[in-house]
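Notes follow once the structure below has been shown.
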Amino acid sequence: MRRHRLIVGNWKMHKTIPEAVDFLGQLTELLTRGEYEPSTGVKVVIAPPFTALSAVAAALGTLPFLLGAQDLHWEDQGAFTGEISGGMLADIGCRYVIVGHSERRRYFGDTDGIVQKKAAAALRHGLHPIVCIGESLDQRLSGQTEHLLSTQLTESLAAVSKEQAQDVVIAYEPVWAIGSGHPATPEQAHDAHRHIRTLLIALWGEDAGERVPILYGGSVVPENTRNLLVTPYIDGALVGGACLNPVLFAKILAVAGSLN
Ligand code: 13P
């Protein structure tokens, strides 16, 4: 089954509003010069920091890109100083939200139980949760990758019904590949994605489990995009560093578009 391709740019804690607007101006110019044809069946999501969400929504102009956020709180409202709810994200035009990114897990204590509640909150507000899972280098070296992925996935998705599965996106981001310049090899990514696909099918059955897109993330750059995305198990990419540069991001979109 060929799922649509999805490229998500996670800006992390980068770009002020003027920088965001400037980035989109440059990206629009590059794309309208014909380096990338937006009708190629590649969905593109941009996930800026909260502060730039509405400026990015406005600056997208005619680009058919969708807006994403990088996190949300699991409650709908209340006394949670500093937090942002799913309803607020939907309100501002978000369609996607990243949950369980390894940086959230590492620096902010997001456990699988918290990720589970965040994914459920996203779905309650009509947002697609992009649920991130991935092993550390130690876990890979000690042969725990598959076990770890199974635990993270099943616990993070425990509150998602089979009917809601169609709205979920999974991102496999090996922690050792993030920001390191050392991406997983296509074979390593292929094996992990195949394992995740088997888990999704075990969880929700063949039909629903096959529909869920699985993205790869970790040091994706234009030069390695093709080799990673040609395998049928990899449906797209969650891009960090390279998505901050309009030329690199446009190139990644062009490669993804050329594969359809
Ligand atoms: P890099 O592409 O910078 O490795 O970051 C990946 C990532 O964490 C995307 O969420």
Side-chain angles (χ1 to χ4, degrees), residues 5-15 19-20 23 27 42-50 52-53 56 65-72 89 94-108 110 114-115 118-119 122 127-137 139-140 145 148-149 152-153 156 168-186 188-189 192-193 196 213-229 234-256:
R5 289 192 191 280
L6 177 61
I7 305 291
V8 182
N10 174 10
W11 287 8
K12 306 192 179 181
M13 197 171 73
H14 291 287
K15 296 195 192 295
E19 287 165 351
F23 169 92
L27 185 65
V42 181
K43 261 195 202 170
V44 183
V45 175
I46 294 191
F50 293 130
L53 280 169
V56 167
F65 294 177
L66 299 167
L67 198 61
Q70 299 174 19
D71 192 31
L72 82 171
L89 297 179
C94 284
R95 302 282 302 283
Y96 289 78
V97 59
I98 298 168
V99 294
H101 191 282
S102 67
E103 289 148 17
R104 298 287 328 166
R105 292 174 184 266
R106 178 169 175 197
Y107 301 120
F108 305 101
D110 284 16
I114 289 175
V115 178
K118 289 185 172 183
L127 300 164
H128 298 278
I130 302 171
V131 179
C132 301
I133 57 174
E135 81 288 359
S136 67
L137 187 58
Q139 287 161 336
R140 171 161 286 269
T145 299
L148 190 274
L149 294 178
Q152 284 189 331
L153 193 87
S156 301
V168 171
V169 176
I170 305 297
Y172 169 60
E173 294 208 313
V175 178
W176 48 271
I178 295 175
S180 66
H182 300 290
T185 63
Q188 288 170 324
H193 282 231
I196 294 167
I214 309 175
L215 314 182
Y216 168 78
S219 296
V220 172
V221 289
E223 293 74 18
N224 60 27
T225 302
R226 174 177 298 278
N227 284 345
L228 285 163
L229 294 194
I234 301 181
D235 302 309
L238 179 51
V239 187
C243 82
L244 297 172
N245 177 315
V247 175
L248 298 183
F249 196 51
K251 283 186 177 166
I252 289 171
L253 299 185
V255 174

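Reckoned from all heavy atoms, side chains included, excluding hydrogens, waters and symmetry mates. Each ligand, and each atom within it, is numbered from 1 in the order the structure gives.
- With contacts defined as side-chain heavy-atom distances shorter than 4.5 Å, the pair H101/Q70 does not qualify.
- Nearest protein neighbour of atom 2 (O) of ligand 1, counting heavy atoms only, is G240 N, 2.9 Å.
- Using 4.0 Å as the threshold, G179 has a heavy atom nearer than that to some atom of ligand 1.
- Both the backbone and the side chain of L238 come within 4.0 Å of ligand 1, counting heavy atoms alone.
- Taking 4.0 Å as the cut-off, S219 counts as a neighbour of ligand 1 on heavy-atom distance.
- In this structure, F23 and F249 have tilted ring planes: the angle between them lies in the 30° to 60° band.
- In this structure, the side chains of V220 and E173 stay at 4.5 Å or more apart for every pair of heavy atoms.
- Regarding atom 7 (C) of ligand 1, its nearest protein heavy-atom neighbour is E173 OE2, 3.1 Å.
- The single protein non-hydrogen atom nearest to atom 3 (O) of ligand 1 is G241 N, 2.8 Å, given as residue, atom name and distance.
- Y216 approaches A189 most closely through the heavy-atom pair CD1-CB, 4.0 Å.
- Contact atoms of ligand 1 toward N10: 9 (C), 10 (O) (distance under 4.0 Å to a heavy atom of the residue).
- Residue R104 qualifies as enclosed at atom CZ: its count of foreign heavy atoms under 6.0 Å is above 12.
- Looking at every heavy atom in both residues, P48 comes nearest to G68 through CD-O, 3.3 Å.
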